[in-house]
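Working notes, structure below.
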Amino acid sequence: MTAEKYNVNDYKFDDRTKEQFIKDLQDGLKKEVHAINVFREILKTSVVEKPEVIYVGSEEEGVVIYEDGNVANVDIFPDYLLKYKKHRRIRCNLVEVKVCNPHSKFAYFKKKQLEQYDELDNVLILFVMGISTDSPKFILVTPNQIMNMGIEAERVYGKETYRCNVDLFNWEKFSPIQRDYSLLDKKYIKE
């Protein structure tokens, strides 16, 4: 998949003004960096073997880069790579971080973005609900899992979006508590 094939504006921009988009992007990036740092600690307390989360995004982590008055470092690729060992083999997934605050009754996923991530293969979405609350929780899902939940995409803020009731997921506490199972093998979508 090439950047030329997919216009970033197709899924990043919505009904917001450019100024509001930039403000939301800056706020969101700070929360995403915080979330991935907590996730690094969570992985260490799980039975995931030798986890390593590496920033692979454009430019500097958590910083918005401007070029000619426009945001220059927004693209369609996940910003993180999760490398770990499983069955004596090194595995890896690209990780896209999504945060929501406060807690909501729904988790929102843009359809076009999911389709683009699905073409990349091995993308995990770390979705953290209530990131700035006393009781944040998270799920790890693939784009394909969300698109196959039997939910029809609907227009939300001008974009085709999967609006998923939070009760459809098996949430994990977003804190580095000891876990005797692999977070990467857990079923986060209820049957």
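These numbers come from the heavy atoms of this one structure, side chains and all, not from hydrogens, waters or symmetry mates. The first residue of the sequence shown is numbered 1, and numbering continues consecutively from there.
- Note that the CZ atom of Arg40 and the CD1 atom of Ile42 stand 12.0 Å from one another [nearest 0.5 Å].
- Separation of atoms CG (Leu81) and CG (Leu124) is listed at 10.5 Å; rounding is to 0.5 Å.
- Using a 4.0 Å cut-off between charged side-chain N and carboxylate O, Asp27 and Lys23 make a salt bridge.
- Two residues are said to be in side-chain contact when any heavy atoms from C-beta on lie closer than 4.5 Å; Pro176 and Lys44 fail this criterion.
- A side-chain contact (heavy atoms from CB on, under 4.5 Å) with Pro78 is found for exactly one of Leu120, Val97, Val95, namely Leu120.
- Looking only at atom types and distance, the side chain of Gln116 has no donor-acceptor partner in the side chain of Lys110 under 3.5 Å away.
- The minimum heavy-atom distance linking Leu82 with Pro51 is given by the pair CD1-CB, 4.4 Å.
- Checked by atom type and distance alone, the side chain of Trp171 never pairs as donor or acceptor with a backbone atom of Pro136 at under 3.5 Å.
- Taken to the nearest 0.5 Å, the CD atom of Glu191 stands 8.5 Å off from the CG atom of Asn170.
- Between Tyr80 and Tyr55, the angle of the ring planes goes over 60°, which puts this pair in the perpendicular group of the 30/60° scheme.
- With rounding to the nearest 0.5 Å, the separation of CD in Glu96 from CG in Asp79 is 6.0 Å.
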Tyr188 vs Phe127, ring pair (Phe, Tyr, Trp, His ring centres under 6.0 Å): CA-CA, chis, key distance, verdict = CA-CA 11 Å; Tyr188 290 91; Phe127 190 100; over 10 Å; no
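- Donor-acceptor pairing under 3.5 Å is lacking for the side chains of Glu49 and Tyr84.
- A salt bridge does not link Lys190 to Asp167: none of the charged nitrogens lies less than 4.0 Å from a carboxylate oxygen.
- Here the closest heavy-atom approach between residue Ser104 and residue Met129 is recorded as N-SD, 3.3 Å.
- Residues Gln20 and Asp24 have side chains that bring a donor and an acceptor to within less than 3.5 angstrom of each other.
- Between the side chain of Gln145 and the main chain of Thr142, a donor-acceptor pair closer than 3.5 Å is present.
- Remark: Lys30 does not engage Glu32 in a salt bridge, criterion side-chain N to carboxylate O under 4.0 Å.
- A salt bridge between Lys112 and Glu160 is absent, with no side-chain N of the basic residue lying under 4.0 Å from a carboxylate O of the acidic one.
- A cation-pi contact, defined as under 6.0 Å to the ring centre and within 45° of the axis, is absent between Arg163 and Tyr108.
- Counting heavy atoms from C-beta on, the side chains of Glu154 and Val156 come closer than 4.5 Å.
- In this structure, Ser175 contributes its side chain and Lys173 its backbone to no donor-acceptor pair below 3.5 Å.
- Scanning all heavy atoms of the two residues, the minimum distance from Leu126 to Ala35 falls at CD2-O, 4.5 Å.
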